[in-house]
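Note that the numbering runs from 1 along the sequence shown for the chain. It should be emphasised that the depicted structure is a prediction, and the values quoted were computed from it without experimental measurement.
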Amino acid sequence: NWVSTDAIESAVRAKFGLVFETPIVRKHWYNGSFRNTLKTLASSGRVERLQDPNSRPNETGHWRIKSDTPRLADLAR
């Protein structure tokens with residue numbers, strides 16, 4: 001299932017109790033640690049992004065965990 005970047009951000013902030021004093025501090029975290037972690041996970045093959053970020057730079061991305069585990073439908077073939 002694909003999950004939006006916004007939903008992942010909300011889940012991470014809730015899980016770790018992240019609260020930012022100002023919108024600028026949140027923006028620095030988002031553009032630094034958060035986005036770089038998603039990019040690192042994608043480049044290492046652990047997650048994949050639905051859209052090419054260069055084709056739609058201002059739209060919300062969608063992500064999913066890559067799994068090498070075959071699905072039941074794949075095994076039935």
Side-chain angles (χ1 to χ4, degrees):
N1 292 337
W2 295 98
V3 180
S4 73
T5 306
D6 296 339
I8 297 169
E9 177 197 4
S10 294
V12 167
R13 289 177 63 184
K15 170 78 175 170
F16 296 105
L18 300 177
V19 178
F20 302 103
E21 292 181 22
T22 66
I24 297 294
V25 173
R26 181 210 157 264
K27 183 178 178 180
H28 284 287
W29 170 80
Y30 183 89
N31 289 332
S33 298
F34 178 70
R35 281 189 22 188
N36 285 337
T37 299
L38 285 176
K39 289 177 187 177
T40 300
L41 290 169
S43 67
S44 68
R46 297 175 76 186
V47 299
E48 61 184 329
R49 185 174 179 158
L50 178 62
Q51 305 92 342
D52 177 1
N54 297 321
S55 66
R56 298 177 177 201
N58 296 322
E59 290 191 20
T60 300
H62 289 81
W63 307 80
R64 71 176 172 186
I65 296 173
K66 285 180 106 174
S67 176
D68 294 332
T69 307
R71 298 176 303 149
L72 184 58
D74 297 331
L75 294 173
R77 292 184 189 173

### Query
Is there a side-chain contact (heavy atoms from CB on, under 4.5 Å) between Val12 and Trp29 once you walk through the steps?
CA-CA 12 Å; Val12 167; Trp29 170 80; 4.0 Å; yes
If two hydrophobic side chains count as joined below 4.5 Å and joins carry through other members, does [X] share a cluster with [Y]?
X     : Y     : answer
Val19 : Ile8  : no
Val25 : Phe16 : yes
Leu38 : Leu18 : yes

### Smallest separation among heavy atoms of Asp6 and Thr60, with atom names
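Result for this residue pair: OD2-OG1, 3.6 Å.
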### Task
Evaluate side-chain contact (heavy atoms from CB on, under 4.5 Å) for Trp63 paired with Gln51, printing each intermediate quantity in order.
CA-CA 9 Å; Trp63 307 80; Gln51 305 92 342; over 6 Å; no
First locate atom [atom1] of [X], then atom [atom2] of [Y], and finally report the distance between them rounded to the nearest 0.5 Å.
X     : Y     : atom1 : atom2 : result
Arg46 : Ser67 : CZ    : OG    : 12.5 Å
His62 : Trp2  : NE2   : CH2   : 10.0 Å
Ser44 : Lys66 : OG    : NZ    : 9.0 Å

### Query
When you look at Arg35 and Glu9, which way does the salt bridge (Lys or Arg N to Asp or Glu O under 4.0 Å) test go after all the steps?
CA-CA 9 Å; Arg35 281 189 22 188; Glu9 177 197 4; over 6 Å; no
### Task
Would you sort out whether Arg26 and Arg13 count as a side-chain contact (heavy atoms from CB on, under 4.5 Å), showing the intermediate values?
CA-CA 10 Å; Arg26 181 210 157 264; Arg13 289 177 63 184; 3.7 Å; yes
### Verdict with reasoning, Tyr30 to Thr5, per side-chain contact (heavy atoms from CB on, under 4.5 Å)
CA-CA 10 Å; Tyr30 183 89; Thr5 306; 3.3 Å; yes
### Side-chain heavy atoms of Phe20 within contact of Thr22, under 4.5 Å
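The answer is no; the side chains never approach within 4.5 Å.
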